[in-house]
Amino acid sequence: MSDLVQVDKLRVVARAEEGAEITIVKDVSFSIPRGEVLALIGESGSGKTTIALALMGYARRGCHIEGGLIRVGDTDVTALKRKELRSLRGRRVSYVAQSAASGFDPAMKIMDQILETTRIHKTLPRQEAEAKAVDLFRALALPEPESIGSRYPHQVSGGQLQRLMAAMALITDPELVIFDEPTTALDVTTQIDVLRAFKHVVAERGITAVYVSHDLAVVAQMADQVVVLNQGEVRESGRTGQIIKAPTDDYTRQLLAAARPALRSATVELEADVPVLAVEGVSAGYGKIGRDGRPAIPILEDISLAIPRGTTLGVIGESGSGKSTLARAIAGLIPPTAGTLKLAGETLPNDMSQRTRDQFRRVQIVFQNADTALNPSHSVERILARPLAFYHGLQEQGRKQRVRELLDLVRLPATIAEQPCSRLSGGQKQRINLARALAAEPDLILCDEVTSALDTVVATAILDLLTELRRELKVSYMFISHDISTVRAVCDDVLVLYAGRKVEQGGREHFAAPPFHPYTDLLINSVPELEQGWLESAAQSRKLAPVNARGEGLCPFLERCPVRIEGKCSTEPPPWRQLALGNAVLCHHTEADLHGTASLNTARANASY
């Protein structure tokens with residue numbers, strides 16, 4: 001098998017603000033045989049995307065390819081002129097970005113955007129190109145392949161948009177396809193469908209590909225060989241099976257250890273039996289409130305929960321399950337349309353304008369994306385000083401001292417205070433995001449997907465930090481995620497949401513082995529394993545779009561449930577059933593039935609805990 005791609009001693013250099021040059025990719029070499037997938041893996045800043053972009057002869061602003069050889073087929077990419085590179089990109093080498101939402105023009109129909117490269121490179125007439133696009137939609141398991149191209153980007157789901165971006169990359173039959181973290185932003189059940197679709201089309205069409213990722217479990221499903229990178233250097237390379245089962249480098253072992261978060265314990269002495277937060281029968285949504293008191297777009301219905309002081313509640317579910325809406329209702333960002341919220345026994349007004357400054361202080365929220373939550377032009381000190389002045393009235397000298405203390409709390413050096421946020425790494429930004437919440441000295445912090453955009457090594461450090469702060473400050477958390485393994489690592493109790501309804505709740509120890517609610521079983525079974533072939537053996541996921549049957553009082557998971565009881569689930573509301581181990585499920589099935597319906601893969605997925 002001949003090599004399609006050869007990279008030899010590639011060096012990429014970035015120019016610092018002072019004018020000095022910094023080598024960010026250092027003599028990297030690898031080759032890719034035709035029809036194989038090579039994974040570039042490492043934490044943020046390791047050079048993965050820089051190397052992948054260099055295969056198209058591209059270097060980001062402030063960077064340039066200093067030396068080395070990049071060959072695709074018989075073409076020396078580093079020797080190409082600008083016009084020749086334009087002919088290469090999108091035609092012979094194509095790119096699938098991490099965020100499909102930012103890769104599509106919201107004002108153009110999908111089909112027009114899919115076919116743009118065929119028009120630019122003049123590969124096919126419009127009619128033939130459309131027929132080819134429909135074939136790709138079908139191969140990528142997209143719904144309604146004949147008509148989905150007539151929609152606009154906002155009219156399809158995130159997982160569908162990611163597959164449509166792959167179709168855009170494949171429409172010209174490129175020799176090489178670069179997948180750059182294409183499933184990082186997706187929830188676990190969507191990710192499994194997208195991975196399955198990608199793997200099918202890559203195998204069916206004999207595509208040669210580069211797969212950029214920080215997740216070794218995903219790489220195990222997609223790649224034939226792996227190159228492990230750290231700070232722009234190759235630490236280890238080899239066949240995927242060898243890297244996973246017998247790594248030779250300590251850094252590779254560190255990545256493997258971070259792939260599945262270990263259980264963390266942060267025992268605190270509970271001071272009172274009154275929970276720091278009690279949510280009782282809360283419903284919420286968006287849009288105009290109707291005469292029946294319900295919003296035009298209902299999201300949550302009849303949610304109840306309690307968080308004792310010093311503990312962490314995990315809230316888990318797919319995109320659209322209502323997790324973030326629940327956090328926003330608690331924080332006062334949207335008003336609940338029913339139910340009550342109590343903070344340490346004190347009722348919180350549902351109307352945001354009626355909450356006191358102290359009530360806002362005691363409940364803080366940390367958003368998923370620190371890049372959008374923090375002003376990139378503001379210094380770290382300015383960002384942290386604002387809540388210190390607003391909530392505590394600290395003057396300049398007191399603010400400076402407290403900023404240093406906060407930076408120490410989140411394990412950052414005091415020298416970072418003068419830095420603008422734009423210069424910080426993703427992990428540093430998320431620590432500043434957390435420090436801003438801590439500046440208010442809250443009783444409760446709502447963590448909304450705070451590790452989902454981070455690589456596994458940085459995410460592990462953030463989880464460790466949350467655990468340490470909980471022990472030191474006796475702060476309580478509500479930790480929102482779509483990854484059951486992460487939730488189980490840091491939380492005392494777990495609440496499972498589906499289509500705005502609570503379907504299961506219990507201690508984290510009850511989520512280590514069946515029985516589960518069928519939806520919980522699906523979530524657990526959708527987390528990739530560090531095992532080649534897992535994707536093929538994993539249970540087929542069902543419909544991606546949540547079906548909301550709550551208007552009839554029926555089970556919200558009814559249309560997707562693989563074990564629904566015909567004639568019962570479709571006619572009667574499910575009861576809350578207390579299981580012997582302590583967790584409760586919203587389901588018609590008995591505990592014995594749920595034992596029998598649990599996926600075999602669920603037991604295997606929990607074997608490492």
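Heavy-atom basis, side chains included; hydrogens, waters and symmetry copies ignored.
Scanning for ring-ring contact (aromatic ring centres under 6.0 Å, His included) contacts around Y519 gives Y498, F557, with sequence neighbours left out. Residues passing the side chain to side chain contact (heavy atoms under 4.5 Å, CB included) test with S476, sequence neighbours excluded: V276, I307, R309, L444.
Panel note: side chain N350, backbone T340; no donor-acceptor pair is recorded below 3.5 Å. A donor-acceptor pair under 3.5 Å links the side-chain atoms of T460 to the main chain of T456, judged by distance alone. A donor-acceptor distance shorter than 3.5 angstrom exists from the side chain of R355 to the backbone of P349, with no hydrogens or angles considered. No side-chain donor-acceptor contact under 3.5 Å links H517 to the backbone of Q505. With E591 contributing its side chain and A580 its backbone, the two residues share a donor-acceptor pair below 3.5 Å. One N or O on the side chain of Q162 and one on the backbone of A97 form a donor-acceptor pair closer than 3.5 Å. With hydrogens and angles disregarded, a donor-acceptor distance shorter than 3.5 Å links the side chain of S283 to the backbone of D302. Not a single donor-acceptor pair under 3.5 Å links the side chain of T520 to the backbone N or O of F516. Between the side chain of D443 and the backbone N or O of R362 there is no donor-acceptor pair closer than 3.5 Å. Side-chain N or O atoms of D492 include one that pairs as donor or acceptor with a backbone N or O of T312 at under 3.5 Å.
Between M165 and G103 the shortest heavy-atom distance is CE-CA, 3.7 Å. Closest approach of L409 and L469 over heavy atoms only: O-CD2, 3.6 Å. Taking all atoms of both residues into account, the shortest heavy-atom contact from T451 to A459 is CB-CB, 3.8 Å. Between V487 and G314, the shortest heavy-atom contact is CG1-CA, 3.8 Å. Scanning both residues, G322 and L300, for their nearest heavy atoms gives O-CD2, 3.4 Å. Contact record, F511 with V496: CE2-CG2, 3.9 Å, taken as the closest heavy-atom pair.
Salt bridge present: R294 and E301 bring a charged side-chain N and a carboxylate O closer than 4.0 Å. Here E566 pairs with R564 in a salt bridge; the nearest charged N to carboxylate O distance falls below 4.0 Å. In summary, R404 and E381 do not engage in a salt bridge, as defined by a charged side-chain N under 4.0 Å from a carboxylate O.
By the 6.0 Å contact criterion, CZ on R328 is open, its count of non-hydrogen atoms from other residues, nucleotides or ligands being 12 or less. Applying the 6.0 Å contact sphere to CZ of R577 captures more than 12 heavy atoms from other residues, nucleotides or ligands.
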Worksheet item: So E418 and R382, salt bridge (Lys or Arg N to Asp or Glu O under 4.0 Å) or not? Walk me through it.
Response: CA-CA 9 Å; E418 299 303 320; R382 182 176 176 182; over 6 Å; no

Worksheet item: Could you go step by step and tell me if S526 and L522 meet the side chain to side chain contact (heavy atoms under 4.5 Å, CB included) rule?
Response: CA-CA 6 Å; S526 297; L522 173 63; 3.8 Å; yes

Discussion item. Could you walk me through whether E441 and R361 satisfy the salt bridge (Lys or Arg N to Asp or Glu O under 4.0 Å) test, starting with their C-alpha distance in whole Å, then the side-chain angles of each, then the deciding distance to 0.1 Å, before giving a yes or no?
Written reply: CA-CA 7 Å; E441 299 180 16; R361 177 193 67 78; 5.2 Å; no

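E405 and Q401 share a donor-acceptor pair across their side chains, judged by distance under 3.5 Å alone. There is a side-chain donor-acceptor pair under 3.5 Å between T190 and D187. Judged purely by distance below 3.5 Å, without hydrogens or angles, the side chains of T189 and E318 pair a donor atom with an acceptor atom. No side-chain donor-acceptor contact under 3.5 Å links H588 and E572. Between the side chains of D483 and S481, no donor-acceptor pair is found at a separation under 3.5 Å. For the residue pair S353/D351, the side-chain donor-acceptor check at 3.5 Å is satisfied. At a cut-off of 3.5 Å, with distance as the only test, a side-chain donor of N583 or E504 sits close to an acceptor on the other residue.
Residues Y286 and I334 are in side-chain contact: their nearest non-hydrogen atoms beyond the backbone lie under 4.5 Å apart. Side-chain contact between L406 and R436 is absent, with no heavy atoms from C-beta onward closer than 4.5 Å. For the pair R163/V194, a side-chain contact is recorded, criterion being any heavy-atom separation below 4.5 Å from C-beta on. When side chains are defined from C-beta on, I445 counts as touching L438, because their heavy atoms get closer than 4.5 Å. Annotation: side chain of L164 is in contact with side chain of F104 (closest heavy-atom distance under 4.5 Å). A heavy-atom distance below 4.5 Å is found between the side chains of L407 and V403. Taking 4.5 Å as the limit, some side-chain heavy atom of R151 sits within range of a side-chain heavy atom of I148. Looking at heavy atoms from C-beta onward, L394 lies in side-chain contact with R402 at the 4.5 angstrom threshold.
Figure legend: cation-pi geometry between R357 and Y391 absent, as NZ or CZ is not positioned both under 6.0 Å from the six-membered ring centre and within 45° of its axis.
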